[in-house]
Number of protein chains: 2
Amino acid sequence: MKLKTNKLKEFRENNEMTQEELADRVGVTRQTIISIENGKYIPSLPLALKFAKVFKCKVEDLFEV
Amino acid sequence: MKLKTNKLKEFRENNEMTQEELADRVGVTRQTIISIENGKYIPSLPLALKFAKVFKCKVEDLFEV
DNA sequence: ACTATACGTAAAGTGTACTTTACATGATGA
DNA sequence: TCATCATGTAAAGTACACTTTACGTATAGT
């Protein structure tokens with residue numbers, strides 16, 4: 001399955017956060033953030049839920065099928 | 001990573017849907033539904049987004065980290 | 001008794017999310 | 001010119017989401 005929308009990078013930049021800061025906050029490596037932002041991988045559900053918490057938004061605001 | 005909450009079964013039953021109906025609607029097998037409802041597996045993000053669409057709710061209503 | 005329906009388990013295979021490590025590049029500033 | 005910061009690529013390994021197939025069981029209807 002693929003995603004239609006992935007606004008992770010957009011949200012991260014709007015929140016003036018580096019990839020490393022975000023990685024630390026959600027508990028993954030920087031490479032994982034890079035891979036997701038660049039569309040190499042789709043995040044797992046728990047990771048997507050953590051992103052939404054960090055950005056105080058809904059999962060659906062970040063990702064769409 | 002683990003989920004704190006998984007209300008898939010609850011939502012499915014409240015919507016009077018069988019596991020097979022739900023499986024068909026989101027495009028997976030019945031075994032996948034069973035495994036997720038019984039906590040064997042955490043759904044992928046695209047699948048979680050589809051569940052939320054079917055039940056007209058937010059991903060966060062169904063699953064919590 | 002027989003059949004269909006809904007739910008469940010088991011096991012082997014495939015694809016991919018995520019990790020770890022290492023190296024490369026452009027921008028910024030001392 | 002040199003160092004630092006932020007971003008990116010590459011590759012090998014591990015864990016697990018999901019599929020497929022087959023079998024088991026309880027319930028309800030005829």
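In the text below, chain A, chain B and the rest are named by the order of the sequence lines, each starting its count at 1. Values below: every heavy atom of this structure, side chains too, minus hydrogens, waters and symmetry copies. What you see is a predicted model, and the numbers here were worked out from it, not measured in a lab.
- For residues 31-53 of chain A, every residue pair satisfying the salt bridge (charged side-chain N to carboxylate O under 4.0 Å, His left out) rule, not counting sequence neighbours, is listed here: A/Arg12-A/Glu37.
- For the pair A/Gln19 CD and C/dT19 P, the computed distance is 14 Å after rounding to whole Å.
- The phosphate of C/dG8 (OP1 or OP2) has a side-chain N or O of B/Lys9 nearer than 4.0 angstrom.
- At D/dC16, none of the side-chain N or O atoms of A/Ser44 fall inside 4.0 Å of OP1 or OP2 (strictly under the cut-off).
- Put simply, CG on B/Leu22 is 14 Å from C1' on C/dC7, counting in whole angstrom units.
- Taking a 4.0 Å limit (strictly below) on heavy-atom distances, residues 48-63 of chain B does not reach DNA chain D anywhere.
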Starting from the C-alpha separation in whole Å, work towards a yes-or-no answer on side chain to side chain contact (heavy atoms under 4.5 Å, CB included) for A/Asn15 and A/Leu22.
CA-CA 10 Å; A/Asn15 281 263; A/Leu22 179 55; over 6 Å; no

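- What separates CD1 of A/Ile42 from C1' of C/dC18 is a distance of 14 Å, to the nearest Å.
- Residues of residues 10-18 of chain B that place a heavy atom closer than 4.0 Å to DNA chain C, in numerical order, are B/Arg12, B/Thr18.
- Note: CD (B/Glu20) to P (C/dT5) measures 9 Å, nearest angstrom.
- Taking atom CD1 on B/Ile33 and atom C1' on C/dC7, their separation rounds to 13 Å, with Å as the unit.
- Between the CG atom of A/Leu47 and the C1' atom of D/dA15 there is a distance of 15 Å, rounded to whole Å.
- Note: CG (B/Asp24) to P (C/dA6) measures 12 Å, nearest angstrom.
- Every residue two or more places apart in sequence or in another chain was checked for a salt bridge (Lys or Arg N to Asp or Glu O under 4.0 Å) with B/Glu10, and none qualifies.
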Test A/Leu45 against A/Val59 for side chain to side chain contact (heavy atoms under 4.5 Å, CB included), laying out the working first.
CA-CA 9 Å; A/Leu45 172 59; A/Val59 170; 5.5 Å; no

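- The hydrophobic cluster containing B/Leu62 does not contain B/Tyr41, counting ILVMFWY residues as joined when their side-chain heavy atoms lie under 4.5 angstrom apart, directly or transitively.
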Show the atom names and distances, to 0.1 Å, of all donor-acceptor pairs under 3.5 Å that link a side chain in residues 24-36 of chain B to residues at least two apart or in another chain.
residue	atom	partner	partner atom	Å
B/Thr29	OG1	B/Thr32	N	3.4
B/Thr29	OG1	B/Thr32	OG1	3.1
B/Ser35	OG	B/Gln31	O	2.9

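- Each ring-ring contact (aromatic ring centres under 6.0 Å, His included) pair with one or both residues in residues 7-37 of chain B, not counting sequence neighbours, appears once here: B/Phe11-B/Phe55.
- To the nearest 0.5 Å, atom CG of residue B/Leu8 and atom CZ of residue B/Phe51 are 5.0 Å apart.
- Here A/Glu20 pairs with nothing under the salt bridge (Lys or Arg N to Asp or Glu O under 4.0 Å) rule; sequence neighbours left out.
- If you take CD1 on A/Ile42 and CG on A/Leu3, they are separated by 4.0 Å, rounding to the nearest 0.5 Å.
- Note on the helix from C/dA1-D/dT30 to C/dA30-D/dT1: terminal axis deviation equals 30°, with five pairs used at each end and the result rounded to 10°.
- The stretch residues 34-41 of chain A touches DNA chain C through A/Ile36, A/Lys40, A/Tyr41, each having a heavy atom within less than 4.0 Å of the strand.
- In this structure, the CG atom of B/Leu3 is 13 Å from the C1' atom of D/dC16, given to the nearest Å.
- A search for salt bridge (Lys or Arg N to Asp or Glu O under 4.0 Å) contacts involving A/Glu60 returns nothing, not counting sequence neighbours.
- Taking the salt bridge (Lys or Arg N to Asp or Glu O under 4.0 Å) definition, one finds that B/Lys56 meets it with nothing, sequence neighbours left out.
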Enumerate the protein-to-nucleotides 20-30 of chain C contacts in which both atoms are nitrogen or oxygen and the separation is below 3.5 Å.
none

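- Closest approach of A/Val54 to A/Met17, counting heavy atoms only: CG1-CE, 4.0 Å.
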